[in-house]
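I have placed the structure first, in the form of structure tokens, so that the comments after it can refer back to it.
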Amino acid sequence: MVLMYDIYEEIIDLTRRRGFIWPTSECYGSVAGFIDYGPLGAMLKRRVEDLWRSFYVYQEGYYEIECPTIAQESVFIGSGHVKEFADKMVQCPHCKEFLRADHIAEAHKTPNAQTMSSEILARTLMSLPCPSCEKIFGPVEVFGFNLMFKTAIGPGTQRTGYLRPETAQGMFTDFQRLLRFYRDKLPFGAVQIGKAYRNEISPRQGMIRLREFNQAEAEIFVHPMQKNHPEFSRYRDYIVPLYSMNEQNNGLSPKKHTMDAAVKTNIIANEYVAYYIALTHELLTKLGIKEERMRFRQHLRDEMAHYASDCWDAEIYSDRFGWVETVGIADRTDYDLNAHAKESGKEFKVFVPFDVPKTKKQLKISADMGKLGPLFKVKAKLIADALKDAIPGETSTRVIVEGEEYEVPNSLFSMKEEIIELRGEEVVPHVIEPSYGIDRMIYAVLECSYYEDEVEGETRKVLRLPARIAPVQVAVLPLMNKEGLDSLASELNSRLRSNAIFSVYDDSGAIGRRYRRHDEIGTPFAVTLDFDTIKDKTVTIRERDSMKQVRVNIDELETLIPGLIHDKIQFESLL
RNA sequence: GCGCCGAUAGUGUAGUGGUUAUCACUAGGCGUUGCCAACGCCUAAACCUGGGUUCGAGUCCCAGUCGGCGCACCA
């Protein structure tokens with residue numbers, strides 16, 4: 001796309017000047033990959049997060065939790081991050097290229113290079129050619145590069161901790177508590193909004209790739225055999241542009257589908273994934289992202305994690321960066337819960353009752369300990385336990401205990417056929433994970449909202465933020481600083497603020513200048529008090545995008561402004 | 001991490017080794033101003049950091065930081 005100017009430069013300039021986004025600790029020279037949210041940025045971020053909450057917490061009913069940003073090493077051994085997040089790298093001494101050491105070794109038929117130590121890998125590489133410049137490596141150093149920030153918990157270095165690379169793990173490690181909280185019933189979900197950290201090799205692209213970033217993630221635990229969303233009808237006919245594997249592999253464009261059709265034709269794996277794709281589309285639309293700048297791209301087989309059954313990214317088109325993955329929606333199956341079960345030795349299961357209890361006949365074997373004891377001594381108890389699951393033979397029964405086989409005469413136990421009632425079964429839930437990059441959403445919102453209008457030969461910079469996420473909700477402006485207009489205005493300002501409306505009083509400069517100032521930070525409405533206000537208690541409300549004004553009674557503002565901000569009242573209907 | 005380029009008030013800039021660093025916008029104050037960046041007066045505000053060369057460095061050299069681009073990396 002050819003642009004007259006670089007919109008990114010304009011946005012970065014505006015966000016710095018007006019206090020949205022700043023380079024961090026600027027007085028010490030900043031650090032790449034870290035940003036500060038300034039006064040308006042922090043407010044905008046909070047409102048974006050609140051919009052997210054209105055979907056996931058209020059609509060879906062998934063409670064929010066908050067876990068530490070640092071966790072002990074075992075959490076990330078369990079999750080696989082300690083192993084998976086670390087790449088063994090090597091720099092070619094000749095051409096200075098950085099390469100994956102294990103990939104080179106495997107390409108030259110060294111099996112399991114991924115599990116080799118750095119020293120052995122380095123020795124293996126010595127005689128191999130660099131895939132980039134084709135010279136033989138010679139002596140090289142292989143170093144691990146893990147994208148997680150490592151730290152030490154407590155004094156000394158006894159206990160390793162890591163800054164979380166995603167907020168998700170907290171919902172998994174709290175699984176048993178959450179299950180109890182939701183009174184042992186599937187499906188249920190928990191969400192978390194917070195910071196996550198990845199030590200990127202070289203972060204670029206401003207707020208698109210950060211070392212500290214903000215995520216909003218939901219983990220929804222569902223029955224593995226029941227992936228129909230109970231509220232699917234909400235989005236059954238919702239239409240979303242899907243860029244499926246098939247379209248990507250065949251060079252086609254994204255196609256629009258209803259969620260119902262997408263699930264029925266197996267483009268999307270199940271109703272849960274489809275439901276959150278549609279919900280994400282609705283959420284992004286409410287943030288002000290334009291339809292044509294959104295698409296949902298399915299991960300190709302080789303980019304999908306091996307355990308995932310389906311994965312889609314919501315991508316938003318940026319004039320600067322192209323298609324940017326902003327949200328990921330995955331069916332992660334039971335991978336995470338099994339992984340933590342294995343590492344922690346705890347149960348990550350749900351007891352699911354059957355509608356009708358199942359009965360089954362079972363042979364019950366009960367050992368005669370009076371005879372078993374003297375015969376097998378210390379092993380007697382173990383053998384008795386093993387007998388319970390054994391298949392009885394003609395005259396004696398074989399059991400294996402601690403690797404040794406024992407022949408137990410049938411006279412040492414009694415057999416009885418019993419009817420066992422099974423009231424349910426234990427299942428490891430599957431996890432549906434919608435994961436949102438807050439910072440990327442905010443950048444996308446800024447890029448989509450930024451406009452330069454021509455007004456009477458002058459350029460008007462305006463952020464057309466949806467009213468409900470605008471940092472300042474209304475500007476209160478006295479037309480003049482005389483005849484008590486200023487004090488009337490500042491009274492109104494306090495009154496609005498006491499109604500939880502974030503208003504800002506501004507009396508500096510000509511009225512037009514003040515309108516422009518608020519256009520630039522996206523303030524959707526401006527209330528102006530003029531000389532009629534003194535006479536008849538009326539004020540004007542000026543709308544940011546149309547610059548149209550309407551005169552209303554000052555006492556109506558407390559209900560009108562919230563109505564306008566939350567889209568319950570349309571400004572046009574007041575004209 | 002490699003290579004190339006860049007960095008001067010809040011923003012955009014001028015400044016070819018020599019006084020007190022240019023200009024505009026912005027911001028603050030006062031006046032003025034009867035609804036879309038009007039005007040007048042006043043004020044505040046900068047050479048990215050650290051070394052070096054030089055009698056003298058915003059200017060030249062080196063290193064670093066940050067930013068941009070290309071490469072590499074991005075479960």
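Source: prediction; values computed, not measured. So you know, we letter chains A, B, ... as the sequences are listed, proteins then strands, and number each from 1.
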Using the [atom1] atom as the reference point in each nucleotide, state the distance between [N] and [M] in Å, no decimals.
N     : M     : atom1 : result
B:C62 : B:U53 : C1'   : 11 Å
B:A72 : B:G3  : C1'   : 11 Å
B:G28 : B:G34 : C1'   : 25 Å
B:U22 : B:U8  : C1'   : 11 Å
B:U20 : B:C60 : C1'   : 24 Å
B:G17 : B:A27 : P     : 37 Å
B:U33 : B:U16 : P     : 46 Å
B:A44 : B:C23 : P     : 14 Å

Nucleotide [N], atom [atom2] - distance to [atom1] of [X] in whole Å:
X        : N     : atom1 : atom2 : result
A:Arg209 : B:A72 : CZ    : P     : 13 Å
A:Arg514 : B:G34 : CZ    : C1'   : 12 Å
A:Glu452 : B:U11 : CD    : C1'   : 14 Å
A:Tyr28  : B:G64 : OH    : C1'   : 17 Å
A:Ile511 : B:U33 : CD1   : C1'   : 11 Å
A:Ile12  : B:G67 : CD1   : P     : 11 Å
A:Asp532 : B:C35 : CG    : C1'   : 12 Å
A:Leu477 : B:C35 : CG    : C1'   : 10 Å

Quick check for you: among [options], whose closest atom lies nearest to any side-chain atom of [X]?
X        : options             : value
A:Arg513 : B:U33, B:C66, B:A27 : B:A27
A:Arg517 : B:A38, B:A27, B:C66 : B:A27
A:Arg320 : B:G28, B:G68, B:C66 : B:G68
A:Arg17  : B:C35, B:G10, B:A38 : B:G10
A:Arg516 : B:G10, B:G28, B:C36 : B:C36
A:Glu458 : B:A37, B:U33, B:G67 : B:A37
A:Met547 : B:C36, B:U33, B:U26 : B:C36

### Query
Do the side chain of A:Arg460 and the base of B:C36 come within less than 3.5 angstrom through a donor-acceptor pair of N or O atoms?
no
Applying a 3.5 Å limit to both distances, which nucleotide forms a Watson-Crick or G-U wobble pair with [N]?
N     : result
B:G64 : B:C48
B:G56 : none
B:C41 : B:G29
B:A14 : none
B:G3  : B:C69

### Query
Starting at the 5' end of RNA chain B, which residue's closest nucleotide do you reach first, A:Arg551 or A:Glu200?
A:Arg551
### Nearest-nucleotide comparison on RNA chain B, the residue closer to the 5′ end among A:Asp506 and A:Val455
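That would be A:Asp506.
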What is the nucleic acid contact for [X], judged by heavy atoms within less than 4.0 Å: base, sugar-phosphate only, or nothing?
X        : answer
A:Thr528 : base
A:Thr459 : base
A:Gln549 : base
A:Asp530 : base

### Query
If you draw the axis of the six-membered ring of A:Trp323, does the NZ or CZ of A:Arg295 fall within 45° of it and under 6.0 Å from the ring centre?
yes
### Task
Kindly give the heavy-atom pair with the smallest separation between A:Tyr505 and A:Ser490, and that separation in Å.
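A:Tyr505 and A:Ser490 have their closest heavy atoms at CE1-N, 3.7 Å.
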### Message
By the definition side-chain hydrogen bond (donor to acceptor under 3.5 Å, both in side chains), identify the one residue from A:Arg542, A:Lys548, A:Glu543 that meets it with A:Ser546.
### Response
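It is A:Glu543; the other options fail the test.
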#### Entry: Electrostatic pair A:Asp506:A:Arg513 at N-O distance under 4.0 angstrom
no
### Query
When the ring planes of A:Tyr307 and A:Tyr335 are compared, do they come out parallel, tilted or perpendicular, using 30° and 60° as the limits?
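The arrangement is parallel - the two ring planes meet at less than 30°.
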### Task
State whether a side-chain donor-acceptor pair under 3.5 Å links A:Thr538 with A:Asp532.
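No, A:Asp532 and A:Thr538 have no side-chain donor paired with an acceptor closer than 3.5 Å.
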### Query
Given the side-chain rings of A:Phe321 and A:Tyr8, with only the six-membered ring counted for Trp, is the space between their centroids under 6.0 Å?
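Close enough - the centres of the two rings lie under 6.0 Å apart.
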